[in-house]
Number of protein chains: 2
Amino acid sequence: MINAERALDALGDPTRRRVFAKLRNRVCTAGELAQGMDVSRPAVSQHLQVLRAAGLVVVRADGTRRLYQADSRGIDAVRRWFDGFWDETLESFRQAAESAANEKGRP
Amino acid sequence: MINAERALDALGDPTRRRVFAKLRNRVCTAGELAQGMDVSRPAVSQHLQVLRAAGLVVVRADGTRRLYQADSRGIDAVRRWFDGFWDETLESFRQAAESAANEKGRP
DNA sequence: GACTTTCGTTAGTCTATACTTACGCTTTGA
DNA sequence: TCAAAGCGTAAGTATAGACTAACGAAAGTC
């Protein structure tokens with residue numbers, strides 16, 4: 001089970017979001033990702049480790065290269081987190097409205 | 001328009017997530033939120049400013065108290081961000097599969 | 001087997017930021 | 001009008017973590 005907390009921590013950094021965003025359109029190596037960015041390749045590599053630990057990215061070896069790709073599991077985890085969060089918020093609103101109505105109906 | 005980037009930055013901090021999570025069930029003041037947490041009231045107050053700037057929280061005055069409440073706008077912004085992200089990922093997969101098929105069909 | 005490429009890892013630095021303490025503002029009630 | 005309650009803010013510190021430079025490992029090439 002992927003942890004939504006971990007995914008949110010991972011996506012809290014702008015550079016990491018940029019790396020992640022680049023992976024939505026194509027499969028990339030760390031070196032390719034680093035090109036056109038203002039940080040070094042090791043930095044990108046470290047960000048990829050965090051994204052991988054969060055379940056947002058998967059990697060497969062291809063010779064000396066390592067191909068990174070966006071993973072739906074982390075994305076789904078965060079989406080479920082938000083869904084559950086908002087459902088609970090609405091339910092609390094509903095209960096609050098209900099007890100307010102009961103309060104009003106009482107003499 | 002609420003910025004999803006800002007909301008993700010805001011939710012990148014665990015303490016801020018705890019504050020935000022407490023607001024899903026009830027309307028709270030900064031002092032109430034700070035009780036039962038291991039950080040001071042000013043710290044909570046500062047986190048609430050960040051959440052408010054990100055559109056995740058709204059506040060209204062009530063005498064000397066200020067009541068904080070979860071806001072759907074920021075949540076929706078992040079959900080749209082993820083939806084768009086994943087849609088684009090799937091579209092890229094589709095296109096990649098298509099051109100691979102074309103490549104194969106060619107002599 | 002030597003060389004190259006591509007990459008992850010480690011050590012160390014430095015900055016962003018989370019936190020506390022102290023202070024001042026606003027509203028309320030006596 | 002004075003005191004108290006409830007906050008936000010400013011200043012200062014300390015730490016998490018983002019980054020670079022240097023190094024080592026694995027796979028391909030000649």
Side-chain angles (χ1 to χ4, degrees), chain A residues 3-23 25-71 74 78, chain B residues 3-23 25-71 74 78:
Chain A
N3 195 352
E5 300 267 328
R6 213 160 180 185
L8 284 170
D9 272 336
L11 293 173
D13 180 70
T15 306
R16 210 141 49 210
R17 277 199 301 273
R18 286 185 59 197
V19 170
F20 187 50
K22 284 194 171 198
L23 288 173
N25 288 329
R26 54 180 183 278
V27 175
C28 276
T29 67
E32 286 164 4
L33 288 166
Q35 282 183 353
M37 292 191 64
D38 52 354
V39 294
S40 67
R41 185 192 51 75
V44 171
S45 196
Q46 285 162 6
H47 284 308
L48 286 167
Q49 295 310 311
V50 176
L51 291 170
R52 197 168 67 83
L56 290 162
V57 152
V58 286
V59 60
R60 68 171 187 275
D62 172 37
T64 66
R65 313 199 311 159
R66 300 179 69 93
L67 299 174
Y68 289 89
Q69 184 175 346
D71 186 5
V78 180
Chain B
N3 196 351
E5 299 267 328
R6 213 162 179 182
L8 284 170
D9 272 336
L11 293 174
D13 180 70
T15 306
R16 211 140 50 211
R17 277 200 301 273
R18 285 186 59 195
V19 170
F20 187 50
K22 284 195 173 198
L23 288 173
N25 288 329
R26 54 179 185 277
V27 175
C28 275
T29 67
E32 287 165 3
L33 288 167
Q35 282 183 352
M37 292 189 65
D38 51 354
V39 294
S40 68
R41 183 191 53 74
V44 171
S45 197
Q46 286 163 5
H47 283 308
L48 285 167
Q49 296 308 313
V50 177
L51 290 170
R52 196 168 68 82
L56 290 163
V57 151
V58 287
V59 59
R60 67 173 188 273
D62 173 38
T64 64
R65 312 199 311 159
R66 300 179 68 93
L67 299 174
Y68 288 89
Q69 184 175 344
D71 186 4
V78 180

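All values below were derived from every heavy atom in this structure, side-chain atoms included, with hydrogens, water molecules and symmetry-related copies excluded. Every chain is numbered from 1 and lettered A, B, ... according to where its sequence line falls, protein lines coming before strand lines. Because the structure is predicted, anything quoted here is derived from the model rather than measured.
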Nearest whole Å is fine: how far is [N] [atom2] from [X] [atom1]?
{"X": "B:Leu67", "N": "D:dG6", "atom1": "CG", "atom2": "P", "value": "12 Å"}
{"X": "B:Asp62", "N": "D:dA5", "atom1": "CG", "atom2": "P", "value": "17 Å"}
{"X": "B:Arg6", "N": "C:dT17", "atom1": "CZ", "atom2": "P", "value": "12 Å"}
{"X": "A:Arg66", "N": "D:dG28", "atom1": "CZ", "atom2": "P", "value": "13 Å"}
{"X": "B:Arg52", "N": "D:dT9", "atom1": "CZ", "atom2": "C1'", "value": "13 Å"}

Strand contacts (DNA chain D) in residues 33-44 of chain A, 4.0 angstrom heavy-atom criterion: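 Contacting residues: A:Asp38, A:Val39, A:Ser40, A:Pro42, A:Ala43.
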To the nearest 0.5 angstrom, please state how far the [atom1] atom of [X] sits from the [atom2] atom of [Y].
{"X": "B:Asp9", "Y": "A:Asp13", "atom1": "CG", "atom2": "CG", "answer": "8.0 Å"}
{"X": "B:His47", "Y": "B:Leu33", "atom1": "NE2", "atom2": "CG", "answer": "11.5 Å"}
{"X": "B:Gln35", "Y": "B:Thr29", "atom1": "CD", "atom2": "OG1", "answer": "8.0 Å"}
{"X": "A:Leu23", "Y": "A:Asp71", "atom1": "CG", "atom2": "CG", "answer": "11.0 Å"}
{"X": "A:Gln46", "Y": "A:Ser40", "atom1": "CD", "atom2": "OG", "answer": "7.5 Å"}

Of all the choices, [options], which nucleotide is nearest to the side chain of [X] once you look at every atom?
{"X": "A:Thr64", "options": "D:dA27, D:dT9, D:dC7", "value": "D:dA27"}
{"X": "A:Ser45", "options": "C:dT9, C:dT28, D:dT9", "value": "C:dT9"}
{"X": "A:Gln46", "options": "C:dA11, C:dT28, C:dC7", "value": "C:dA11"}
{"X": "A:Ala30", "options": "C:dG8, D:dC7, C:dT28", "value": "C:dG8"}

5′-ward residue of the pair A:Arg65/A:Gln49 relative to DNA chain C: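 Of the two residues, A:Arg65 wins.
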Given DNA chain D, 5'-ward residue of the pair B:Leu48 and A:Gly63, judged by closest heavy atom: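 Of the two residues, B:Leu48 wins.
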C:dC19 OP1/OP2 closer than 4.0 Å to side-chain N/O of B:His47: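 B:His47 to C:dC19 OP1/OP2: side-chain N or O found under 4.0 Å.
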Members of residues 8-19 of chain B that approach DNA chain C, where some heavy atom sits under 4.0 Å away: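 Only B:Asp13, B:Thr15, B:Arg16 qualify.
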Beyond-backbone contact of A:Lys22 with A:Met37, side-chain heavy atoms, under 4.5 angstrom: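 They are in side-chain contact.
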Stepwise side-chain contact (heavy atoms from CB on, under 4.5 Å) check, B:Asp38 with B:Arg18: CA-CA 11 Å; B:Asp38 51 354; B:Arg18 285 186 59 195; 3.7 Å; yes
Test side chain to side chain contact (heavy atoms under 4.5 Å, CB included) applied to B:Arg60 and B:Gln69, B:Arg65, B:Arg66, the passing residue: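 Among B:Gln69, B:Arg65, B:Arg66, the one that satisfies the side chain to side chain contact (heavy atoms under 4.5 Å, CB included) with B:Arg60 is B:Gln69.
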Backbone of A:Leu11 reached by a side-chain donor or acceptor of A:Arg16 within 3.5 Å: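 Side chain of A:Arg16 to backbone of A:Leu11, a donor-acceptor pair under 3.5 Å: no, none is there.
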